[in-house]
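Data block below; observations after.
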Amino acid sequence: MSNTIEKDEVKNSLNFLEQIIEDDIKSGKISKHIQTRFPPEPNGYLHIGHAKSICLNFGLAKKYNGKCNLRFDDTNPVTEDVEYVDSIKEDVRWLGFDWGNNEFYASDYFDKIYEFAVKLIKDGKAYVCDMTAEEVSNTRGTPTIPGQFSPFRNRTIDENLNLFERMKNGEFPDGAKTLRAKVDMASPNMQLRDPVMYRIKHAHHHKTGNKWCIYPMYDFAHGQSDSIEGITHSICTLEFEVHRPLYDWYIKQLDIFPSHQYEFARLNMTYTVMSKRKLLELVKGNHVNGWDDPRMPTISGMRRRGYTAEAIRNFADRIGIAKRENVIDIALLEFFVREHLNKITPRMMTVINPVKVVITNYPENQTEYLDGKNNPDDESMGTRKVPFSRELYIEADDFMEIPEKKFFRLAPGNEVRLRYAYFIKCNEIVKDENGTIKEIRCTYDPESKGGKSPDGRKVQGTLHWVSAPHAITAEARLYDRLFMSENPEDAEEGKSFVDNMNPNSLEIRNCYVEPELANLKVGEKVQFERVGYFNVDKDSTDKTLVFNRTVTLKDNWAKISGKK
RNA sequence: UGUCCGAUGGUGUAAUCGGCAACACAGCAGAUUUUGAUUCUGUCGUUCCAGGUUCGAGUCCUGGUCGGACAACCA
């Protein structure tokens, strides 16, 4: 109970958008409730950067008793597809947000937006231009040099009306004409130099089919959609800042509901690329196995990897909202993933890189079932039986023939504990002709059953293990970061971010897992003790379980031994 | 010699509108531990620069410096 008070106290600092909203509510600027929207373009899968925006828009609506629409910005049929629409809906839902019936499409408003365009033409604020894209580009000027007027800028209203209608009717080929706003060719803001409002694209649209062959540009669709939906706070990323004067200009000329645009800094993360174009390139170039490859920063990739929605939401909360450029350490995301998984996953034993151990003084053909705690920090998760026998597998890393300093795992003459089982001591090493260790021969102390010795002697190390005859073979997919450099885009001359990919970002291993794990279903999460968090991949079959490594456990020993 | 935006520890984000610069991650050190995990404790370290206003400036003013965005018929 004091917990909630503490939370409130901590949470009374507002980000700049919350500040604006509270000011707007206080001043009476908002008549009903605040209305936000999450406006993805269905031309790719959502990534962790979108998750930030989703948490922001839906979070703001929730906090201030408003609503958040899901609106697809589908004004470019050439690059958009229903596959993306479906994945986006799934991802937003999975993240834990609900848009109710408020699922909209910019294409829902194409008729209305067309009328808006006609109005601007009638008001002498828009004209049909016959210049090619290249000509428009050549006459736009530069930030310091004003652009030149289009030779078609002074067409009569009737002529413009007629031409625009014929554009709509499909009388002209792609690119032959555009509708342009008559704003200011000398504006220092390039966005205001007679921007294109409509272009001709004889393309099939995922929602409107072949009804249209002209489509509005982002600037003449987004703000209009916002206005139609009564969006009070239209929140987008920084690169749209220079579009805001145009956003406001259209709304003013049209005299429609005044939505306001606010911008925040997009998310960047170390060792990650975030642009849709680059993610598409990874997918299309087969550098990864699809959009939901567990190495991808996509929401679907992270879900498949084993990240939880709660962890992602906590991450989004923690990184905050501001206007300055930022690069978040990916370790922060991993922290929230571990934090959540630590609470919810059962602990099981799995040996990824096995070496055989034979307990020479343990009876042959004997099996004992020992009690293992599923989560020592949470008794409510119960216990399970773990089979123990004369032959076991342990992790090769857990044995050193010549132990280095501070190594307190198994070594000749050294006693360690097998978790939930017995103390064992190594007496002998059996090697093959190449000198590689084939088996480690040990003796156990029958008095130490359960992992405690009655004489009170201590051991420094506790190892995980799997009984060899009872072990189930499974596939472990060990993922590491996709890129080797902190900023993958920072590539050498003539190279691209693809050249910065980590060749070892996926390592596939066969592993031995304890029998209890056979019951896991796709998506279920588990901690492999002393190894990491894993979840069951959808590639699993009735015969073979496939585990994705979500994230390793923090490993201090790696740090200590790695320093040398 | 354009317009707009930004600048607080290694990384992010705060500082209730001028009043002791804090929180998280990362780092380091220690305690506990049947996971070298978790947990707990401690610790390191911050206001871009120069002026000005003020009893008092991260916050206000002036001038710099640095960084980013903008010149698709993409969004």
Side-chain angles (χ1 to χ4, degrees), chain A residues 10 12-15 19 39-41 43 73-76 78-80 129 131-134 136-137 140-147 174-180 187-193 195-201 214-215 217-219 221-222 236-245 263 265 270 276-277 318-329 331-336 338-339 342-343 347 349 372-373 375-377 406-409 417-421 423 450-452 458-464 527-532 552-561:
Chain A
V10 170
N12 68 6
S13 73
L14 305 176
N15 66 47
Q19 193 67 252
E41 185 192 10
N43 69 344
D73 228 334
D74 55 351
T75 57
N76 186 359
V78 177
T79 56
E80 295 156 7
C129 179
M131 289 200 289
T132 64
E134 198 187 349
V136 170
S137 174
R140 199 185 304 279
T142 72
T144 50
I145 303 168
D174 287 5
K177 289 180 173 12
T178 58
L179 182 70
R180 291 226 262 165
S187 172
N189 182 342
M190 300 295 291
Q191 306 300 323
L192 262 21
R193 318 252 264 227
V196 172
M197 295 165 61
Y198 265 93
R199 75 288 213 194
I200 301 170
K201 278 179 193 281
I214 58 171
Y215 294 93
M217 297 287 290
Y218 166 83
D219 287 299
H222 196 94
C236 60
T237 45
L238 249 29
E239 67 268 28
F240 293 100
E241 221 156 16
V242 286
H243 292 241
R244 183 161 16 104
E263 310 86 12
T270 55
K276 274 200 211 173
R277 208 210 87 231
R318 190 69 223 179
I319 59 177
I321 301 295
K323 296 191 76 158
R324 86 184 77 125
E325 300 284 338
N326 61 84
V327 183
I328 309 282
D329 190 342
L332 185 62
L333 212 208
E334 290 172 346
F335 164 81
F336 284 107
R338 288 192 186 101
E339 183 188 53
N342 178 46
K343 275 186 227 161
R347 274 64 168 159
M349 293 196 285
K373 291 180 177 175
N375 187 341
D377 297 331
K406 285 193 171 174
F407 183 85
F408 47 79
R409 303 176 183 179
R417 168 168 42 232
L418 294 178
R419 180 141 229 214
Y420 301 129
F423 285 8
K452 271 191 285 276
K458 303 273 189 229
V459 290
Q460 280 193 109
T462 300
L463 311 186
H464 61 277
Q527 184 199 96
F528 290 171
E529 289 218 39
R530 304 208 304 134
V531 177
T552 59
L553 254 31
K554 272 181 38 179
D555 188 350
N556 258 307
W557 169 243
K559 219 180 272 173
I560 294 165
S561 58

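Lettering of chains follows the sequences in order, A, B, ..., and the numbering in each one begins at 1.
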Rounded to whole Å, the NZ-P distance (A:K373 to B:A37) equals 19 Å
What's the closest nucleotide to the A:M217 side chain, out of B:C17, B:A72, B:A14?
B:A72
Roughly, in whole Å, what's the span from CG in A:D74 to C1' in B:A75?
12 Å
Among B:A71, B:A75, B:U3, the nucleotide that comes nearest once only the side chain of A:P188 is considered
B:U3
Checking A:F407 now: which residues fulfil side-chain contact (heavy atoms from CB on, under 4.5 Å) with it, not counting sequence neighbours?
A:M400, A:P403, A:E404, A:R409, A:W557
Taking atom P of B:C25 as reference, at what distance in whole Å does atom CD1 of A:I328 sit?
14 Å
Compare side-chain N and O positions of A:K559 against OP1 and OP2 of B:C28 and report whether any pair is under 4.0 Å apart.
yes
What contact category does A:R140 fall into here, base, sugar-phosphate, or nothing, at under 4.0 angstrom with non-hydrogen atoms?
sugar-phosphate
Once side-chain contact (heavy atoms from CB on, under 4.5 Å) is applied, do any residues pair with A:N326, and if so which ones, sequence neighbours excluded?
A:K52, A:A265, A:L267, A:I328
May I ask you to verify if any side-chain N or O of A:K343 is less than 4.0 angstrom from the OP1 or OP2 atom of B:U38?
no
Please evaluate the base of B:A69 for a donor-acceptor partner in the side chain of A:H243 within a cut-off of under 3.5 Å?
no
Quick one: label A:I321 by what it contacts on the DNA or RNA (base, sugar-phosphate, nothing), any heavy atom closer than 4.0 Å.
sugar-phosphate
Send over the distance from A:L463 CG to B:A37 P, rounded to a whole Å.
15 Å
According to ring-ring contact (aromatic ring centres under 6.0 Å, His included), who are the partners of A:H464, at least two apart in sequence or on a separate chain?
none
Would you measure the distance from the P atom in B:U62 across to the matching atom in B:G67 and give it in whole Å?
23 Å
Expressed in angstrom and rounded to an integer, what is the separation of A:M131 atom CE from B:A72 atom C1'?
15 Å
Only counting residues at least two apart or in another chain, list the ones meeting salt bridge (Lys or Arg N to Asp or Glu O under 4.0 Å) with A:E41.
none
Please measure how far the P atom in B:C61 lies from the corresponding atom in B:C4, and state the result in whole Å.
16 Å
Applying salt bridge (Lys or Arg N to Asp or Glu O under 4.0 Å), name anything that partners A:R347, two or more places apart in sequence or on another chain.
none
Quick one: list whatever passes side-chain contact (heavy atoms from CB on, under 4.5 Å) with A:T142, sequence neighbours left out.
A:T144, A:I145
Classify A:Y420 by what it touches in the nucleic acid, base, sugar-phosphate, or nothing, heavy-atom distance under 4.0 Å.
base
Residues in salt bridge (Lys or Arg N to Asp or Glu O under 4.0 Å) contact with A:K554, at least two apart in sequence or another chain
none
Over all strands shown, is A:F408 touching base, sugar-phosphate only, or nothing at heavy-atom distances under 4.0 angstrom?
base
Give a yes/no answer on whether the side chain of A:R419 brings an N or O atom under 4.0 Å of OP1 or OP2 in B:G36.
no
Structure string for RNA chain B in dot-bracket form, Watson-Crick and G-U at under 3.5 Å, | interchain
.((((((..((((.....[..)))).(((((.......)))))....(((((..]....))))))))))).....
Please determine whether side-chain contact (heavy atoms from CB on, under 4.5 Å) holds for the pair A:N76 and A:N43, giving the CA-CA distance in whole Å, both sets of side-chain angles, and the decisive distance to 0.1 Å.
CA-CA 9 Å; A:N76 186 359; A:N43 69 344; over 6 Å; no
Whole angstroms only, please: what is the CG-P distance between A:N342 and B:U39?
6 Å
Rounded to whole Å, CZ of A:R338 lies from P of B:U38 at a distance of 8 Å
Give me, pair by pair, the N or O atoms of the protein and of nucleotides 40-47 of chain B that are less than 3.5 Å apart, along with how far apart they are.
none

Taking only the side-chain nitrogens and oxygens of A:R417, find out if one of them lies under 4.0 Å from OP1 or OP2 of B:G36.
no
Salt bridge (Lys or Arg N to Asp or Glu O under 4.0 Å) partners for A:R419, two or more places apart
A:E529
Within this structure, what is the CZ-CZ distance for the pair A:R180 and A:R199, rounded to the nearest 0.5 Å?
14.5 Å
May I ask you to check whether over 12 heavy atoms, not counting those of A:K201, lie within 6.0 Å of atom NZ?
yes
Nucleotide nearest A:E239 when distance is taken to its side chain, options B:A24, B:C73, B:A75:
B:A75
Within less than 4.0 Å of OP1 or OP2 of B:U11, is there a side-chain N or O belonging to A:N326?
no
Counting primed atoms, P, OP1 and OP2 as sugar-phosphate and everything else as base, the B/S/- map of nucleotides 5-10 of chain B against protein heavy atoms under 4.0 Å is SSSB--
Report which part of the nucleic acid A:A322 touches: base, sugar-phosphate, or nothing (heavy-atom distance under 4.0 Å, all strands).
sugar-phosphate
Which part of the nucleic acid, if any, lies within contact of A:V459, taking any heavy atom under 4.0 Å across all strands shown: a base, the sugar-phosphate backbone alone, or nothing?
nothing
Gap in Å between the two P atoms, one belonging to B:A75 and one to B:G51, rounded:
50 Å
According to side-chain contact (heavy atoms from CB on, under 4.5 Å), who are the partners of A:N189, at least two apart in sequence or on a separate chain?
A:S187, A:Q191, A:L192, A:V242, A:P245
Look at A:K554 and B:G36 and indicate whether a side-chain polar atom (N or O) is within less than 4.0 Å of OP1 or OP2.
no
Kindly say if A:K201 contacts the phosphate of B:C74, meaning a side-chain N or O under 4.0 Å from OP1 or OP2.
yes
Indicate the atoms forming the closest heavy-atom contact of A:Y420 with A:P376, along with that distance.
OH-CG, 3.9 Å
By nearest atom, which of the nucleotides B:U38, B:A26, B:A71 is closest to the A:F335 side chain?
B:A26
Please classify the nucleic acid contact of A:E339 as base, sugar-phosphate, or nothing, using heavy-atom distances under 4.0 Å.
nothing
Is the aromatic ring centre of A:Y218 closer than 5.5 Å to the centre of the six-membered base ring of B:A75, with the two planes inclined by less than 30°?
no
Can you check the A:R530 CZ to B:A37 P distance for me, whole Å?
11 Å
Check the phosphate of B:A75 against A:T79, side-chain N and O only, distance under 4.0 Å to OP1 or OP2. Yes or no?
no
Contact class for A:S137 (heavy atom, under 4.0 Å): base, sugar-phosphate, or nothing?
sugar-phosphate
Integer angstrom distance from the C1' of B:U3 to that of B:A22:
36 Å
Reckon A:S13 has a side-chain N or O less than 4.0 Å from the OP1 or OP2 of B:U13?
no
